[in-house]
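Only heavy atoms go into these numbers, but all of them, side chains included; no hydrogens, no water, no symmetry mates. Computed from a predicted model, the values in this text were never measured in an experiment. Each chain gets a letter, A, B and so on, in the order the sequences are listed, and its residues count up from 1.
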Amino acid sequence: MDAPGLVDALTSAGVGRGDPVALVVKPGVGTGMAGGAGAWALAEVDDGPGPSLSGVAAVEAALRPRWVLWSAETSVALVRAGTRPAIAWDLAAVHRLLFGGWQADAGRVWAAAHGLALEAVPALRPVDLFSSLDDAGGGPVRADGHLRAEWAAGAWGESLERLRTWAELAQEVAARQLAHLAAMTDRPMAVATARSESGAELVCAELTVDGLPMDRAAAESVIAGYVGPRPRDEAEAAERRVARDAEVLSHLAPGAEVDLRSTAQVRVLLGRLGIEVADTRAWRLREVQDRHPVVAALLDWRKAERMGTTYGYRWLDEHLGADGRLRGEWSGSDGAAGRMTASAGLHSMPAELRPAVIAEAGMSFVRADLGQIEPRVLAVVSGDLALAAAAGEDDMYAPVAAQLGVDRATAKTAVLGAMYGATTGHGAQALRRLETAYPVAMGFLSRAAQQAAAGRDLRTYGGRLVRMGPGAPGGAAAPETPGAMAARGRYGRNAVVQGAAAELFKMWAVTVRARVGGLGARIVLCLHDELLVHVPREHADTVAELVAAGLDEAVHRWAPGTAVRFVADIAVVSRWSDAKG
DNA sequence: TGCGGCTATTG
DNA sequence: CACAATAGCCGCAG
């Protein structure tokens, strides 16, 4: 079907702007769409090396539907083919929101949407891949209601008729998920969250495909500052390692045999010097640094070792492309509270490497990070008006400190401690004052902790299920130790805040994506409370304003009518590390 | 070879 | 050194 034909077919089936259209992309078979009242449109038969997806682009331009996708795999395929959909309904992402956990293969997504037991999802046996579906006979759904394993795995051959069925099944699942979300009356923002989480999958697909601009020479010079210039071969690399080790060992008696990479041996070494430590973490070593010069040498060695191994030349070669983009795999929601995750160290890159993240020629970065997102989110989701009033300040720890009658640092520690589940330490006294000053917020947190400790599942503000029962990671299981219950309590206490913060952050990200895309700007990094947008220089100031406006828009979509103020620090810069451009 | 423990980095 | 994550190396079990 040609592009005008596609648009006509969908339009006459009643599909308009924002309406759901299931999209299936099957390499080697074709690309199809199902939408409206039983409309099926075959966008293209795939006879080339990969789908061109020009039909998708045409429908996107003419109708801008909400693309219903089985998973982010399709989003990545779309972005790779040069098509960037505006909005989506990602069945896997919505499944994770509704039912928790991370596994979201089609069989589970189908089963959960139909209220079937997840334990009974058919597993794909190796033999199934070779025995034809035609032998099995019948449709994709078994007598017991589960999706046939071969279908769920996509091993259904090259039939265009089956492509259509696969799209229609997606339509059905999406409708059921929507009904589920809408019926969750105690989570009125669940539908909006599902849309946003789906949009976040599109952001992730773009992050995965586009990558983060990084200047190779700048990065190599940072690395060289720690471990020397790039070794020519393995032998030279080994030589360099031995030399680094020797520098530390030179502070010891000659002939000392210590593997610095072995914490056990390091402890023994320190013990022989009369320095007893419970472990060899950096902060503990720093406490005994003046007892022997080897300690400082060891700390420097650790830093260089980190650069040499995790963030060294090998890391650069593996993840930094010839186009100067650092790429990792992005996930829209991790298995727990739903934050975004990224591989390739994109979320834990040492600050020292940030100067190497440089905007490309003619481009700038707009760097924006939210201030104190978690306590502000706590004020919203708990409905604590006193805490909401404190959020009226740019620095909300200042009014909290005044309220508690303690200094700012103590107030901050106490608030963070309340959200993390601290019970001891300097903040313990201030923690009790928090209970008095902000009883609503503190009650919200302790209820979450109690439920989690008891092994009961939680739901975030936006409706994400956080599994705490048997079978969940760290979930309740007999025999139960008090330590495990307490750990789960802290986990749950934090999950309801961190998870809600992640939901707000993703709404911000998808809003920014929607508002700045037309100016050629792209989000190139998401870091829990921070956005980095790569933008043509002439539009940088405009984009900075749109990022700020996008926060207000996101906050009011996330929590309509809230009085809690959210603040962002926004700057136009040419390097990620710059404070101002 | 796989996995838990330790360590370091980030928010 | 509380909450979350990724990642690498060591030491031990299989």
Side-chain angles (χ1 to χ4, degrees), chain A residues 102 226 241 245 258-268 277-287 298-312 314-315 318-319 328-354 357 369-375 377-378 412-428 430-431 445 448-449 452 458 460 464 466 473-474 483 486-502 505 525-532 576-577:
Chain A
W102 196 84
Y226 287 93
R241 275 196 301 274
D245 294 5
V258 179
D259 181 354
L260 300 174
R261 290 160 193 82
S262 162
T263 51
Q265 291 188 38
V266 167
R267 264 191 74 200
V268 170
V277 283
D279 56 60
T280 74
R281 287 180 172 85
W283 67 271
R284 214 182 279 278
L285 293 184
R286 252 173 243 120
E287 285 176 352
L298 181 61
L299 285 166
D300 290 344
W301 177 91
R302 284 254 178 94
K303 188 76 190 170
E305 183 72 1
R306 165 90 11 196
M307 278 295 182
T309 54
T310 308
Y311 297 102
R314 194 180 57 191
W315 170 75
E318 274 176 24
H319 304 295
E329 301 263 323
W330 286 78
S331 160
S333 68
D334 63 33
R339 294 218 292 202
M340 292 170 71
T341 59
S343 68
L346 281 158
H347 275 174
S348 47
M349 189 191 303
E352 291 88 343
L353 277 165
R354 291 186 179 195
V357 177
D369 65 289
L370 299 175
Q372 304 164 347
I373 181 175
E374 290 193 342
V377 161
L378 174 60
K412 179 180 176 179
T413 306
V415 171
L416 292 176
M419 292 187 295
Y420 291 161
T423 52
T424 58
H426 180 53
L431 218 54
L445 290 171
L458 301 171
T460 62
R464 179 176 301 278
V466 181
R488 214 163 47 235
R490 290 194 302 272
Y491 183 100
R493 171 187 288 268
N494 183 249
V496 290
V497 178
Q498 190 193 100
F505 176 78
L525 193 76
C526 291
L527 197 42
H528 310 312
D529 64 354
E530 180 173 0
L531 282 176
L532 196 65
W576 186 15
S577 52

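- Taking side-chain N and O atoms only, A:S262 has a distance below 4.0 Å to OP1 or OP2 of C:dG11.
- For A:R354 and B:dG11, the shortest distance from a side-chain N or O to OP1 or OP2 is below 4.0 Å.
- Summary of the strand contacts: A:R284 and A:D259 both lie near DNA chain C, and taking for each the nucleotide with the nearest heavy atom, the more 5' one is attributed to A:R284.
- The environment of A:E329 atom CD is sparse: at most 12 non-hydrogen atoms of other residues, nucleotides or ligands sit within 6.0 angstrom.
- The side-chain heavy atoms of A:L527 and A:D369, taken from C-beta on, include no pair separated by under 4.5 Å.
- Closest to the A:A422 side chain, of the nucleotides C:dA2, C:dA5, B:dA8, is C:dA2.
- The CG-P distance, from A:D529 to C:dA5, rounds to 17 Å in whole Å.
- Residues A:W576 and A:L353 have side chains not in contact (no heavy-atom distance under 4.5 Å, counting atoms from C-beta outward).
- Protein atom CH2 of A:W330 is 16 Å distant from nucleotide atom P of C:dA5, rounded to whole Å.
- If you measure from atom CG of A:L378 to atom P of C:dC3, you get 17 Å, rounded to the nearest angstrom.
- Nucleic acid contact for A:A495: none, since no nucleic acid atom lies under 4.0 Å from a heavy atom of the residue.
- Of the candidate nucleotides C:dC9, B:dT7, C:dA4, C:dC9 has the atom lying nearest to any side-chain atom of A:R261.
- A donor-acceptor contact under 3.5 angstrom links the side-chain atoms of A:R339 to the base of C:dA4.
- In this structure, A:A351 reaches the sugar-phosphate backbone alone: every heavy-atom distance under 4.0 Å involves primed, P, OP1 or OP2 atoms, never a base.
- As rounded to whole Å, 14 Å separates atom P of C:dC1 from atom CZ of A:R286.
- Using a 3.5 Å distance cut-off with no hydrogens or angles, the side chains of A:R261 and A:T309 do not pair a donor with an acceptor.
- Comparing C:dA4, C:dA7, C:dT6 against the side chain of A:Y491 picks out C:dA4 as the nearest.
- For the OP1/OP2 pair of B:dA8 and a distance below 4.0 Å, the side-chain nitrogens and oxygens of A:R302 include at least one atom meeting the criterion.
- Using a 4.0 Å heavy-atom criterion, one finds that A:G421 contacts no nucleic acid atom at all.
- Summarising the geometry, the separation between CG on A:L416 and C1' on C:dA2 is reported as 9 Å, rounded to the nearest angstrom.
- Per the geometry, OH belonging to A:Y226 stands 12 Å off C1' belonging to B:dT9, to the nearest Å.
- Protein atom CG of A:L353 is 11 Å distant from nucleotide atom C1' of B:dT9, rounded to whole Å.
- Proximity note for A:H528 (side chain, C-beta onward) versus C:dC3, C:dC10, B:dG11: the nearest is B:dG11.
- Listed candidates were B:dT7, C:dA5, B:dG11. Nearest to the side chain of A:T341 is C:dA5.
- Going from atom CG of A:D279 over to atom C1' of C:dC9 covers 17 Å, rounded to whole Å.
- For B:dG5, neither phosphate oxygen OP1 nor OP2 lies less than 4.0 angstrom from any side-chain nitrogen or oxygen of A:T263.
- The pair A:K303-A:E352 meets the salt-bridge criterion, since a charged nitrogen lies less than 4.0 angstrom from a carboxylate oxygen.
- Within 4.0 Å of A:M349, counting heavy atoms only, lie sugar-phosphate atoms of the nucleic acid but no base atom.
- In this structure the side chain of A:R302 reaches within 4.5 angstrom of the side chain of A:T280, judged on heavy atoms.
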